[in-house]
Each structure stands twice: as C-alpha cells, then as structure tokens.
Amino acid sequence: MAIPLVQVDAFTDSAFGGNPAAVCALPTERPDRWMQQVAQEMNLSETAFFYPEADGYRLRWFTPTVEVALCGHATLATCHVLWSEGHLPPDQDARFYTRSGVLTARRLGDWIELNFPANPSHGIPVPAGLAEALGATPTAVVENSLGYLVELESAAVVRNLKPDFAALRQFPVHGVIVTSVGDAPYDFVSRFFAPAIGIDEDPVTGAAHCCLSPYWREKLGKTAFLAYQASARGGVIKVEDEGDRVRLSGRAVTVFKGDLLP
C-alpha cells in the first residue's frame, strides 16, 4: 500500500520560504530503520512520521542522520497536513504523543499555535574556540539541552555570520543558537547551527525558540515576542512565554504531495 508523503514549508506564508519538512502519514508504526531511511532519502532537516495512538497521534522526527526529541517546524508541518488533508476537522485541536511528552496544537485563523515545553538555560564560561568557530565575539553564552545559546552584539552580526561548520562540529553539543535583540519589527532574531546532527544551518527552528523564549523573557522583561530566524530562507514566529510552556505560532504551505511506493 502506498503511503502519503507531503512536503510543507513551515513558518512562512509562501512557498520556498521558512523551513521545509516532509510529513509521512502512517496507518501504523513502522520500523525505526525504515523511518531513518526515508528521512535520509528526503534529505531535509526533518521528516515527520505520525500514526494514530489513543486520542491523538504518535509523532516522531528524523533528520537525515538521527531521530530527535523535539522539532517545531516539522510539528507545524504535521498539523498543517492533519487539517489540510482532512485527517482532523478544522475546529479540532491536534494532540501528539512524543519523546518530549504530550504536545498540542490549535488553529488560529491561518496561523497554527503549538504548545511546547520551555527549555531554560544556565550560564557557562565561553567555551574555548567558540568565538573563532562562529567568527564573532559572544556577549553571553548559556547552555540548555539543545546546546549553546550565544548572544551576539547586534542583529546585523547575527544576519551576516559565516561560521566554520567543521569547527562547530567539534563541540560536545547538538547545536548552537545565535541571537540578538531584533531590528524592527522583531523583538529578537536568531539563527541555529547543528552540524553535529547533520544540519549545518536549520532555516527556522521551533525547538530553538523554546530556549530563546525564557532567555529573552529574562533579558527584556516581557512574555510576548515577534521573532525572526535570519537564515537564507527566513521565518517568522510568534512566541508567548508561559513559564514552563511556550506557545509558538506560525503559518505553513504545502509545496507538493506524493506517495511512498510499497
């Protein structure tokens, strides 16, 4: 039996922007090795797989090389597929069982709001060689379960950064978030580099904003943000900080649909 496969651009309102994710709708669970092979074949930063479970869906995310515990843009893409392809009624919330616990999502007009766990950070000394690998001097470095979060001097520095990916790959973390106070109309901007898990630069990263939200809440003294991830494709995220949870909102568009042949 052929398996539906949809490619979606997430955190954007137009095709070829935001972050592309493949979404695979499964009738039942498939072997881990098969899912990893599909993700490698798609060669996108994430491929999502969902299948019915209890009162919702089991959701898993794979890069071309590894399974990850949390992925925002591929969850947004999955929600878009659930509603646009008729798996869920438009007024019914989505519920997912994942390696990061139960995640929910709802439609707000043409935006989709994700309810994710916050990922707070703790301060650390600037790791040796990090400034050289990034090609910029950090003003602060903190660490969380995703990796390093590095504040830089300005949005212009973040946007123009050209890191040494081979050097970044040597650090003992999954990824490096760089960020600064935003240029209008954005409260903050960021980029995310994860060469250690097969993604030199992720175009738009929901999971990174689970780290950025508590960080900028403390720095700016506010709980609602308009954020921009300044990759070449770029993406806009609305962020609401609720302490131990973060609400991330974005839009998504279908780019193409097909089938995985048996």
Side-chain angles (χ1 to χ4, degrees), residues 1-28 30 34-53 56-64 67-68 70-96 98 103-116 192 199 201-209 227-229 231-238 247-262:
M1 181 178 69
I3 296 173
L5 187 69
V6 183
Q7 185 162 317
V8 175
D9 286 344
F11 292 115
T12 181
D13 61 356
S14 58
F16 314 124
N19 199 351
V23 180
C24 191
L26 300 174
T28 58
R30 293 295 298 268
W34 179 86
M35 288 188 281
Q36 187 65 74
Q37 288 175 320
V38 172
Q40 185 176 22
E41 183 77 6
M42 295 307 297
N43 200 33
L44 299 171
S45 59
E46 303 287 348
T47 298
F49 301 85
F50 73 89
Y51 52 89
E53 182 173 302
Y57 298 92
R58 173 63 56 178
L59 178 59
R60 298 173 68 179
W61 311 275
F62 289 78
T63 78
E67 183 176 7
V68 297
L70 184 67
C71 179
H73 86 278
T75 304
L76 187 74
T78 301
C79 293
H80 174 77
V81 168
L82 283 173
W83 287 310
S84 65
E85 298 298 314
H87 298 277
L88 275 182
D91 60 348
Q92 183 175 336
D93 290 358
R95 184 177 182 86
F96 301 109
T98 79
L103 307 177
T104 59
R106 60 179 179 170
R107 289 184 64 175
L108 299 173
D110 63 345
W111 291 73
I112 295 169
E113 181 189 78
L114 310 175
N115 187 329
F116 272 24
F192 181 61
I199 308 165
E201 180 168 7
D202 194 38
V204 194
T205 316
H209 285 76
Y228 185 72
Q229 191 154 333
S231 65
R233 293 173 65 104
V236 176
I237 306 177
K238 293 179 182 178
R247 295 185 182 270
L248 306 173
S249 299
R251 291 172 286 187
V253 293
T254 298
V255 177
F256 66 79
K257 297 186 282 188
D259 294 300
L260 282 170
L261 300 179

Apply side-chain contact (heavy atoms from CB on, under 4.5 Å) to residues Arg30 and Val38 and explain how you reach the verdict. CA-CA 11 Å; Arg30 293 295 298 268; Val38 172; over 6 Å; no
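For residues 1-27, the set of pairs meeting the salt bridge (Lys or Arg N to Asp or Glu O under 4.0 Å) definition, not counting sequence neighbours, comprises Asp9-Arg233, Asp13-Arg251.
Nearest heavy atoms, Cys79 versus Ala94: SG-CB, 4.3 Å. Across Phe62 and Ala39, no two heavy atoms sit closer than the pair CB-CB, 3.6 Å. The shortest non-hydrogen separation linking Cys71 to Glu46 is SG-CG, 3.2 Å. Annotation for His73 and Pro20: closest pair NE2-O, 3.2 Å, computed over non-hydrogen atoms. Between Ile3 and Cys24, the shortest heavy-atom contact is CG2-SG, 3.5 Å. For the pair Pro90 and Trp83, the tightest heavy-atom approach, listed with the atom from each and the gap, is CA-CD1, 3.9 Å.
The CZ atom of Phe50 sits 8.0 Å away from the CG atom of Leu26 when rounded to the nearest 0.5 Å. Taking CZ of Phe96 as the reference point, atom CZ of Arg58 lies at 12.0 Å (rounded to 0.5 Å). Atom OG1 of Thr63 is separated from atom CE of Met42 by 13.5 Å, given to the nearest 0.5 angstrom. Distance check: Ile199 CD1 to Phe192 CZ gives 7.0 Å after rounding to the nearest 0.5 Å. How far CG of Asp93 is from CG of Leu82: 11.5 Å, rounded to the nearest 0.5 Å. How far CZ of Arg60 is from CD of Glu67: 4.0 Å, rounded to the nearest 0.5 Å.
For the side-chain contact (heavy atoms from CB on, under 4.5 Å) criterion with His80, the lone passing option out of Val6, Ile112, Thr75 is Ile112.
In this structure, Gln36 contributes its side chain and Pro64 its backbone to a donor-acceptor pair below 3.5 Å. Proximity of a side-chain donor or acceptor of Thr205 to a complementary backbone N or O of Ala207 within less than 3.5 Å is not detected.
The side-chain heavy atoms of Val8 and Leu76, taken from C-beta on, include no pair separated by under 4.5 Å. Within the 4.5 Å cutoff, the side chain of Pro4 has heavy atoms near those of the Asp259 side chain. Using a 4.5 Å heavy-atom cutoff, the side chains of Lys238 and Trp111 are in contact. Between Val255 and Phe16, the closest side-chain pair of non-hydrogen atoms falls below 4.5 Å.
Other residues, nucleotides and ligands place no more than 12 heavy atoms under 6.0 Å from the CD atom of Gln40. The local environment of CD in Glu41 is sparse, with at most 12 non-hydrogen atoms from other residues, nucleotides or ligands closer than 6.0 Å.
Separation of the Tyr57 and His87 ring centroids does not fall under the 6.0 Å cut-off.
Taking Arg95 as the reference, Asp55 meet the salt bridge (Lys or Arg N to Asp or Glu O under 4.0 Å) condition, with sequence neighbours excluded.
One side chain, Asp202 or Ser45, offers a donor N or O that lies under 3.5 Å from an acceptor on the other.
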